[in-house]
Asker: 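Could you have a look at this structure, given as structure tokens, before my questions?
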Amino acid sequence: MRIFVITGAGISAESGLGTFRDKDGTGIWARFDPMKLATPEAFARNPSEVHAFYNARRRNLLSAVPNSAHFALARLEEALAERGGSLALVTQNIDDLHDRAGSKEVIHMHGELFKVRCVACATTIPWREDLGLEDQCPSCAQIGSLRPHVVWFGEMPMRMDDIYLALYGADLFVAIGTSGSVYPAAGFVSEARALGVRTCEINLEPSDNASHFDDKRYGKASEVVPAWIEETIATM
Ligand code: BJW
């Protein structure tokens, strides 16, 4: 069995990382304007403000730990591999909680908070501290050329070829903790459906794409994901 899983901010919510668009109005984009913080134009206009936003989130991530949903997905990857199947785990999250929970192959389509990239020489560098305009690229020595290694609105998400390859080969499509409002990720479920692949949504509440899912399970990711995975492994 080949399972394709796309995760979003909801899977990391119980690890203390904020989501972007919760219906109760507490999401990150209810407090901060994405057009001022998450576009290449915003970074060109006011890099210090964008650095401050990502520095705060980087500090928050340093003290966060994976929850039972992240661990269960690592277990699913192992169980599928033991039975000759595979898990394609694609995340929109820039945190590293899947990696820390033990998932071996994670596609970070919106980038990684613990990496920065040099706009002068394109080198990607591991980075866990605050980032500022005074910092120097360790590769080309340019000062002020480092940016967060994340995908902003209007930029191309990463590893799209690998994602579509996995999507086209999947037997089951599962979306976990995502509102289904940001493309291209929000469009994956319709593409899976068009291919005749069974689809499952796990979220706190119905997402924008709820009508495209065959199986819908609502509740906290920390409870619903491990239960779904135990059930899936038992039937494999
Ligand atoms: C729980 C829970 C719990 C809570 N348990 N669940 C008009 C139409 C169509 C498209 C466009 C358009 N205008 C512009 C576009 C394109 C644009 C886009 O989609 N905009 C929309 C807003 C309309 N997209 C882009 O620009 C993308 N690039 C692109 O399209 O390139 C061209 C292209 C063409 C063709 C092919 C390929 C590419 C880039 C998008 C970049 C998104 N960047 C961000 C910021 C990243 C860095 C950072 O983190 O700061 O990515 S925005 C933000 O949203 C972040 C997320 O990854 C992304 C998705 O959010 P997610 O994960 O779904 O979180 P939420 O908060 O929305 O949902 C959480 C859910 O969890 C909720 O439903 C809760 O209920 C639930 N939940 N607690 C389970 N405990």
Asker: Going through the checks in order, is the side-chain contact (heavy atoms from CB on, under 4.5 Å) test met by Phe4 and Val90?
Answerer: CA-CA 8 Å; Phe4 181 105; Val90 179; 3.7 Å; yes
Asker: Using salt bridge (charged side-chain N to carboxylate O under 4.0 Å, His left out), reason through Arg147 and Glu155 one step at a time and then give a plain yes or no.
Answerer: CA-CA 14 Å; Arg147 60 160 278 181; Glu155 295 185 320; 2.8 Å; yes
Asker: With distance as the sole criterion, is a donor-acceptor pair present between the side chains of Thr91 and His110 under 3.5 Å?
Answerer: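 No, no side-chain donor-acceptor contact under 3.5 Å.
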Asker: What pair of heavy atoms forms the shortest contact from Ile11 to Ala221, and how long is it?
Answerer: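 Scanning both residues, the minimum pair turns out to be CA-CB, 4.1 Å.
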Asker: Under 3.5 Å, is there a donor on one side chain and an acceptor on the other for Ser179 and Asp208?
Answerer: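 Short answer, no.
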Asker: Under a 3.5 Å distance rule, please check whether Asn93 uses its side chain to pair with a backbone N or O of Asp95 as donor and acceptor.
Answerer: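 Flag not set: sc Asn93 to bb Asp95 has no pair under 3.5 Å.
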Asker: To the nearest 0.5 Å, what is the distance between SG on Cys137 and CD on Gln142?
Answerer: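 The distance works out to 8.0 Å.
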Asker: Could you grab the distance from atom CZ of Phe43 to atom OG of Ser48, nearest 0.5 Å is fine?
Answerer: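 Here the rounded value is 9.0 Å.
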Asker: What is the distance from atom NZ of Lys115 to atom CG of Leu146, rounded to the nearest 0.5 Å?
Answerer: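 So the NZ of Lys115 and the CG of Leu146 are separated by 14.5 Å.
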Asker: Which atom names give the shortest non-hydrogen contact between Val151 and Gly111, and what distance separates them?
Answerer: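 The answer is CG2-N, 4.2 Å.
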Asker: Is it true that Tyr168 and Ile107 fall in one hydrophobic cluster, defined by side-chain heavy atoms closer than 4.5 Å?
Answerer: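 Shared cluster, yes.
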Asker: Under the side-chain contact (heavy atoms from CB on, under 4.5 Å) criterion, do Phe153 and Val182 qualify, and how do the steps go?
Answerer: CA-CA 9 Å; Phe153 287 109; Val182 175; 4.2 Å; yes
Asker: How close do Thr178 and Ser207 get, counting heavy atoms only, and between which atoms?
Answerer: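 It is O-CB, 3.5 Å.
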Asker: Indicate yes or no for a side-chain donor-acceptor contact from Ser12 to the backbone of Ser15 under 3.5 Å, with no hydrogens or angles considered.
Answerer: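 The answer is no, because no donor-acceptor pair under 3.5 Å joins these two groups.
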Asker: Going through the checks in order, is the side-chain contact (heavy atoms from CB on, under 4.5 Å) test met by Leu17 and Leu61?
Answerer: CA-CA 7 Å; Leu17 304 179; Leu61 179 55; 3.8 Å; yes
Asker: Cut-off 3.5 Å, side chains only: do Thr26 and Asp24 have a donor facing an acceptor?
Answerer: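 Their side chains do contain a donor-acceptor pair, which is all the 3.5 Å distance test asks for.
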Asker: State the OG1-CG distance between Thr232 and Leu80, to the nearest 0.5 angstrom.
Answerer: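 Interatomic distance, Thr232 OG1 to Leu80 CG, rounded to 0.5 Å: 8.5 Å.
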Asker: Return the CZ to CZ distance between Phe213 and Arg193, rounded to the nearest 0.5 Å.
Answerer: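 Result: 9.0 Å between the selected atoms.
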Asker: Could you grab the distance from atom CZ of Phe71 to atom CG of Leu76, nearest 0.5 Å is fine?
Answerer: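 Between atom CZ of Phe71 and atom CG of Leu76 there are 15.0 Å.
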Asker: For Glu201 and Tyr218, work out which heavy atoms get closest and say how close.
Answerer: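 Closest heavy-atom pair between Glu201 and Tyr218: OE2-OH, 2.8 Å.
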Asker: Consider only side-chain N and O atoms of His98 and Thr7, and report whether a donor and an acceptor are under 3.5 Å apart.
Answerer: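 Indeed, the side chains of His98 and Thr7 share at least one donor-acceptor pair under 3.5 Å.
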Asker: Between Val174 and Ile3, is a side-chain contact (heavy atoms from CB on, under 4.5 Å) present by the stated rule, with each step listed?
Answerer: CA-CA 8 Å; Val174 186; Ile3 304 181; 4.1 Å; yes
Asker: Determine yes or no for a side-chain-to-main-chain donor-acceptor pair under 3.5 angstrom, with Arg217 supplying the side chain and Ile202 the backbone.
Answerer: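 No, Arg217 side chain to Ile202 backbone: no donor-acceptor pair under 3.5 Å.
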Asker: Please confirm whether the backbone N or O of Leu87 pairs with a side-chain atom of Glu77, one donor and one acceptor, at under 3.5 Å?
Answerer: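 Not confirmed, Glu77 side chain does not pair with Leu87 backbone.
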Asker: Counting N and O atoms only, with roles assigned by atom type, does the side chain of Thr235 sit under 3.5 Å from a partner on the main chain of Glu231, one being a donor and the other an acceptor?
Answerer: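 Yes.
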Asker: Going hydrophobic residue to hydrophobic residue with side-chain gaps under 4.5 angstrom, can you get from Leu113 over to Leu37?
Answerer: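 Same cluster: Leu113 reaches Leu37 through Ile, Leu, Val, Met, Phe, Trp or Tyr contacts under 4.5 Å.
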Asker: I'd like to know if the side chain of Asn209 reaches the main chain of Gly187, judged simply by a donor and an acceptor atom lying under 3.5 Å from each other, with no hydrogens or angles considered.
Answerer: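 Checking the backbone N and O of Gly187 against the side chain of Asn209, no donor-acceptor pair under 3.5 Å is found.
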Asker: Hey, quick one: are Leu167 and Leu172 part of the same hydrophobic cluster, counting side-chain heavy atoms closer than 4.5 Å, chains of contacts allowed?
Answerer: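 Different hydrophobic clusters.
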Asker: Does the pair Glu129/Arg58 count as a salt bridge with the N-to-O cut at 4.0 Å?
Answerer: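 A salt bridge is absent here (no side-chain N lies under 4.0 Å from a carboxylate O).
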Asker: Run the salt-bridge test on Glu112 and Arg159 with the 4.0 Å N-O cut-off and return the result as yes or no.
Answerer: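 So Glu112 does not pair with Arg159 through a salt bridge.
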Asker: Between Asp22 and Gly27, is there a donor-acceptor pair closer than 3.5 Å when you use the side chain of the first and the backbone of the second?
Answerer: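 A pair under 3.5 Å: no.
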Asker: Hey, does the side chain of Asp214 reach the backbone of Thr199 with a donor-acceptor pair shorter than 3.5 angstrom?
Answerer: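 Present.
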Asker: Using only heavy-atom distances, determine whether the side chains of Asn67 and Ser222 contain a donor-acceptor pair under 3.5 Å.
Answerer: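 Result is no, nothing qualifies.
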Asker: If every non-hydrogen atom of Phe173 is compared with every non-hydrogen atom of Val197, which pair is closest and at what distance?
Answerer: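 Phe173 and Val197 have their closest heavy atoms at N-CG1, 3.7 Å.
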Asker: The test is side chain to side chain donor-acceptor pair (under 3.5 Å); show your working for Asp130 and His51 and say whether it passes.
Answerer: CA-CA 8 Å; Asp130 280 2; His51 281 318; over 6 Å; no
Asker: Kindly give the heavy-atom pair with the smallest separation between His108 and Asp99, and that separation in Å.
Answerer: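 Result for this residue pair: NE2-OD1, 3.0 Å.
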Asker: Mark yes or no for whether Lys216, through its side chain, and Ala210, through its backbone, hold a donor-acceptor pair below 3.5 Å.
Answerer: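 Yes: the side chain of Lys216 pairs with the backbone of Ala210.
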Asker: Shared ILVMFWY cluster between Leu89 and Met158, side chains joined below 4.5 angstrom?
Answerer: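 Unlinked, Leu89 and Met158 end up in two clusters.
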Asker: Mind checking whether Met1 and Leu73 sit in one hydrophobic cluster, side chains of I, L, V, M, F, W, Y counted as touching below 4.5 Å?
Answerer: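 Per the 4.5 Å side-chain linkage, Met1 and Leu73 are co-clustered.
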Asker: When you measure from the side chain of Trp152 to the backbone N and O of Gly154, does any donor-acceptor pair fall under 3.5 Å?
Answerer: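 No, Trp152 side chain to Gly154 backbone: no donor-acceptor pair under 3.5 Å.
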Asker: For Arg117 and His149, does a side-chain donor sit closer than 3.5 Å to a side-chain acceptor?
Answerer: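 Yes, His149 and Arg117 have a side-chain donor paired with an acceptor closer than 3.5 Å.
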Asker: Just jot down the side-chain contact (heavy atoms from CB on, under 4.5 Å) partners of Pro184, sequence neighbours excluded, or say none.
Answerer: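 Only Met109, Pro157, Met160, Tyr164, Phe188 meet the side-chain contact (heavy atoms from CB on, under 4.5 Å) criterion with Pro184.
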Asker: Please check if any side-chain donor atom of Asn60 sits under 3.5 Å from a side-chain acceptor atom of Arg57, or the reverse.
Answerer: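 Per modelled atom types, Asn60 and Arg57 side chains form no pair under 3.5 Å.
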